[in-house]
**Q** 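Have a look at this one before I ask anything.
Here, residue 1 is the first one in the sequence, and each next residue gets the next number.
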Amino acid sequence: MTKLKQRSAQLTSTPGDKDWIKRAPSRAMLRAVGFSDEDFTKPIITVACPHTNITPCNAHIRDLGDIVSNAINENWGKPVIFGTPVISDGETMGMEGMKYSLVSRELIADCIEMMHEGYAADGILTLSGCDKTIPAALIPLARTNAIGLTLYGGSILPGKLNGQDLTIVSTFEAVGKFSAGNIDAAELHKVECHSCPGSGSCGGMYTANTMASAIEAMGMSIPGSAAHVAVDANNRISKEKIQDCKDSVEALLNLMSKGIRARDIMTRKAFENAITVVMALGGSTNAVLHLLSLAHEAEVELNIDDFEKIGAKVPLIGDFKPFGKYVMNDLFKIGGIPLVMKHLYQHGLIHGDCLTVTGKTVAENLKNVPDLPSNQNVIYPIDKPLAPPSKHILILRGNLAPDGAVLKLSGKEMLQHSGPARVFDGEDDAMNAILNGNIKKNDVIVIRYEGPKGGPGMREMLSPSAALMGAGLGKDVALITDGRFSGGTHGIMIGHISPEAYSGGPLAIIEENDIITIDIIKRTLDINISENQIKERLAKWIKPKAKYTRGVLAKYAQLVACASDGAYTS
């Protein structure tokens, strides 16, 4: 395996090399952590393991890291395992800590890059669980054009209550139901106790499962792995996920042997495949943010309008929570992402010539995948979809969003919404207004100064959006923000409004009871005042003082790009 030790010879040297004597101090320290003479002839593989015991999404990731490390160690390489920070969106939702969530994507990516480049490792295998760890696990591979791949830790099994499947969103919506007087405290407690039965990421087609699906479609993780659940009913690592670990190690060896790098796989066509799968499955709007960021790192030309163009060709065929019936485990039972891709490929919506981490093309990977079965309702056939093209993620512009905004329609037959603005300079006040019953039919809730710079950190708005749904206002009240939404959000929700309020975007000058109009046909988001009035208000607008002047959030606010570009920092 010495021929695979292309980079780490800088660290350890190899027997007989001219630097063998010079690298003795490095080897001395490595011997203290278990390296042997034989190990100095092996390639070094970094294993990024974002484990923490504070969230079910990543509580099992260290176990996966050990399975991966053992598989590498037993055969051909020397693994170097390390951890990263993890911020759970679901747990920090609605509090100040949520501001660190999107920021953590950048920090995790930087940590992985630092470890891989600092030790001049030869290959890399990154694990992920909670949704920001998923794009973060791929960003450094794209950025440095490394030889490696990523593996999703898997979805949680659904919770069960009264014969119904539950997810974490069930609890968020139960809060709204309780506040509206629709359920009592005892029922809320039952939902809370039954929503999350064990390890794994949130079960619906929320951000984690959306991004895992997108990355598999892109070709940067092994086929089938996205839909495999994390653990079994006894909260032990599932046999499918154990096999994923072993197959990923085998794929990494093949990539290294053939010299296939991340950017050989992460092409423009590969990104189009990823977006197609997101649209078909009804995935999270966060995919827009993350895929734009990944494209930036891979130096692939991709912009926010490409989502609209691709969405115009792709019908909605996945019936998944939060808007539908099913969870990721239901997709696993019928064949997973390969089944979806095969169906899309048969209808000319997937590029089959893209290279993948198997060393084969998409078409070669799909060759023996079964056709879409008829005895199921999880994935609808393309000729009889849940909704036609352009009925899921839409890109809106207008005098409130000159640089774009993102709407998640999820098949709803909405054409227009117009109503008075209820303006809040932050999520917390908006949430209180909803829970106190101060929001009425046709209102348009405006939550501003929650963008990448203004938040900073672009908090998700699942708490207020779920509270609206729970209160029975999901079809009658719109929410617009320069923040973003959880994959668990549904309703009339528009996020990523750019430019954000903190940067002087028109969102900053909306006043209480201004009429806001959302027009789906025209793809517009407008405030119903004249251009002169907008200019006059902007001329009087005073930029708020920065909320943070030191630390991680302050640094992030100075570096971060606009949401319409992916909110990257490098």
Side-chain angles (χ1 to χ4, degrees), residues 45 68 71 123-128 134-135 137-154 209-228 240-241 243-281 283 287 290-291 294-295 297-300 302 310 331-332 335-370:
I45 308 300
V68 165
I124 183 168
L125 202 160
T126 60
L127 298 165
S128 63
I134 301 172
L138 188 52
I139 283 172
L141 277 69
R143 182 184 293 166
T144 64
N145 200 20
I147 299 178
L149 72 162
T150 188
L151 175 61
Y152 176 46
N209 284 325
T210 297
M211 285 309 299
S213 301
I215 290 171
E216 182 179 322
M218 189 186 294
M220 282 303 296
S221 60
I222 57 171
S225 58
H228 290 159
E240 292 84 11
K241 197 49 64 177
Q243 191 61 48
D244 285 343
C245 290
K246 295 176 180 178
D247 290 344
S248 294
V249 169
E250 185 178 334
L252 177 58
L253 175 57
N254 185 48
L255 292 172
M256 293 176 69
S257 300
K258 294 180 177 178
I260 298 173
R261 295 183 173 274
R263 293 188 189 180
D264 297 328
I265 297 169
M266 298 176 69
T267 62
R268 165 69 190 213
K269 284 184 176 180
F271 276 93
E272 291 178 1
N273 284 349
I275 295 169
T276 295
V277 167
V278 169
M279 294 295 185
L281 295 180
H290 298 324
L291 290 172
L294 282 165
E297 299 290 0
E299 297 185 323
V300 169
L302 189 75
I310 294 169
L331 180 58
F332 158 63
I337 296 302
L339 182 86
V340 176
M341 291 182 68
K342 177 74 172 282
H343 190 58
L344 293 168
Y345 177 62
Q346 289 172 329
H347 288 80
L349 295 173
I350 287 284
H351 300 292
D353 57 346
C354 294
L355 186 63
T356 74
V357 295
T358 64
K360 299 176 181 178
T361 65
V362 168
E364 289 171 331
N365 288 341
L366 296 177
K367 187 176 180 180
N368 296 318
V369 173

**Q** Please evaluate residues Thr150 and Thr126 with respect to the criterion side-chain hydrogen bond (donor to acceptor under 3.5 Å, both in side chains), reporting the C-alpha separation (whole Å), side-chain torsions for both, the decisive distance (0.1 Å), and the verdict.
**A** CA-CA 5 Å; Thr150 188; Thr126 60; 2.9 Å; yes
**Q** Which pair of non-hydrogen atoms, one from Leu294 and one from Ala142, has the smallest distance, and what is that distance?
**A**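 Looking at all heavy atoms of both residues, the closest pair is O-CB, 4.3 Å.
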**Q** Could you check if a side-chain atom of Ser128 sits within less than 4.5 angstrom of a side-chain atom of Leu151, using non-hydrogen atoms only?
**A**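 Not in contact.
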**Q** Can you give me the closest heavy-atom contact between Ala287 and Thr210, atom names plus distance?
**A**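 Of all heavy-atom pairs spanning Ala287 and Thr210, the closest is CB-CG2, 3.9 Å.
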**Q** Will you find, in the side chains of Thr361 and Asp353, an N or O donor that is under 3.5 Å from an N or O acceptor?
**A**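 Checked: Thr361/Asp353 side chains show no N/O donor-acceptor pair below 3.5 Å.
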**Q** Nearest heavy-atom pair of Gly148 and Leu255: which atoms, and what distance?
**A**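 Scanning both residues, the minimum pair turns out to be O-CD1, 3.6 Å.
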**Q** With a 4.5 Å heavy-atom cut-off, do Asn273 and Leu344 have their side chains touching?
**A**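 A side-chain contact is absent here, since even the closest heavy-atom pair is not under 4.5 Å.
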**Q** Measuring from Leu339:CG to Leu331:CG, what's the distance to the nearest 0.5 Å?
**A**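 The CG atom of Leu331 is 7.5 Å from CG of Leu339, to the nearest 0.5 Å.
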**Q** Walk me through whether Asn365 and Thr358 qualify under side-chain hydrogen bond (donor to acceptor under 3.5 Å, both in side chains).
**A** CA-CA 8 Å; Asn365 288 341; Thr358 64; 2.9 Å; yes
**Q** Before giving the answer on side chain to side chain contact (heavy atoms under 4.5 Å, CB included), spell out for Ile124 and Ile147 the whole-Å C-alpha distance, their side-chain angles and the decisive distance to 0.1 Å.
**A** CA-CA 6 Å; Ile124 183 168; Ile147 299 178; over 6 Å; no
**Q** Can you give me the closest heavy-atom contact between Ala251 and Ile222, atom names plus distance?
**A**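 Closest approach of Ala251 to Ile222: CB-CG2, 4.1 Å.
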**Q** Check whether any side-chain heavy atom of His351 lies under 4.5 Å from a side-chain heavy atom of Tyr345, and answer yes or no.
**A**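 His351 vs Tyr345: side chains apart.
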**Q** CE/Met279 to OG1/Thr276 distance, rounded to the nearest 0.5 angstrom?
**A**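 Reported to 0.5 Å precision, the distance equals 8.5 Å.
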**Q** Please name the pair of heavy atoms, one in Asp264 and one in Gly259, separated by the smallest distance, quoted to 0.1 Å.
**A**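 The answer is OD2-O, 4.0 Å.
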**Q** Please name the residue in the list Met218, Met220, Glu216 that meets the side-chain contact (heavy atoms from CB on, under 4.5 Å) test with Val357.
**A**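 Per the side-chain contact (heavy atoms from CB on, under 4.5 Å) rule, the option paired with Val357 is Met220, out of Met218, Met220, Glu216.
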**Q** Out of curiosity, Ser248 OG to Gln243 CD, how far, rounded to the nearest 0.5 Å?
**A**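 So the OG of Ser248 and the CD of Gln243 are separated by 9.5 Å.
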**Q** Is Arg261 reaching over with its side chain to a backbone N or O of Ala146, donor-acceptor style, under 3.5 angstrom?
**A**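 Answer holds: no.
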**Q** What I'd like to find out is whether the side chain of Ile45 reaches to under 4.5 Å of the side chain of Val68, using heavy atoms alone.
**A**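 With C-beta onward as the side chain, the pair stays apart.
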**Q** Checking Arg263 side chain against Arg143 main chain: does a donor-acceptor pair fall under 3.5 Å?
**A**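 The answer is yes, because a donor-acceptor pair under 3.5 Å joins these two groups.
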**Q** Taking atom CG of Asn145 and atom CD1 of Ile265, what is their separation to the nearest 0.5 Å?
**A**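 Here the interatomic distance stands at 10.0 Å.
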**Q** Run the numbers on Glu272 and Arg268 for salt bridge (Lys or Arg N to Asp or Glu O under 4.0 Å), then give the verdict.
**A** CA-CA 6 Å; Glu272 291 178 1; Arg268 165 69 190 213; 2.8 Å; yes
**Q** Taking the side chain as C-beta and beyond, is there a heavy-atom pair between Leu281 and Ser213 under 4.5 Å?
**A**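 In contact.
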**Q** Step by step, would you call Tyr152 with Asn209 a side-chain hydrogen bond (donor to acceptor under 3.5 Å, both in side chains)?
**A** CA-CA 9 Å; Tyr152 176 46; Asn209 284 325; 2.7 Å; yes
**Q** What are the two closest heavy atoms between Gly123 and Leu252, and how far apart are they?
**A**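 Heavy atoms of Gly123 and Leu252 come nearest at CA-CD1, 4.5 Å.
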**Q** Contact between Val278 and Ile310 at the side-chain level, heavy atoms closer than 4.5 Å - yes or no?
**A**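 They are not in side-chain contact.
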**Q** Ignoring hydrogens and angles, tell me if any N or O in the side chain of Lys342 forms a donor-acceptor pair with the backbone of Val369 under 3.5 Å.
**A**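 Flag set: sc Lys342 to bb Val369 pair under 3.5 Å.
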**Q** Around Gln346, counting heavy atoms of other residues, nucleotides and ligands shown, do more than 12 lie under 6.0 Å from its CD?
**A**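 More than 12 within 6.0 Å, yes.
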**Q** Treating Lys269 as the side-chain partner and Gly352 as the backbone partner, does any N or O pair qualify as donor plus acceptor under 3.5 Å?
**A**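 Judged by distance alone, no pair lies under 3.5 Å.
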**Q** Which value, rounded to the nearest 0.5 Å, describes the distance between Leu141 atom CG and Met266 atom CE?
**A**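 The CG atom of Leu141 sits 8.0 Å away from the CE atom of Met266.
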**Q** Would you confirm whether His347, through its side chain, and His343, through its main-chain N or O, come within 3.5 Å as a donor-acceptor pair?
**A**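 Confirmed, His347 side chain pairs with His343 backbone.
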**Q** With the side chain counted from C-beta on, respond yes when Met211 and Leu138 share a heavy-atom pair under 4.5 Å apart, and no when they do not.
**A**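 Result no, sub-4.5 Å side-chain heavy-atom pair not found.
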**Q** Can you tell me how far apart CE (Met341) and CG (Leu349) are? Round to the nearest 0.5 Å.
**A**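 Answer rounded to 0.5 Å: 11.5 Å.
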**Q** I'd like to know if the side chain of Lys367 reaches the main chain of Val362, judged simply by a donor and an acceptor atom lying under 3.5 Å from each other, with no hydrogens or angles considered.
**A**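 Side chain of Lys367 to backbone of Val362, a donor-acceptor pair under 3.5 Å: no, none is there.
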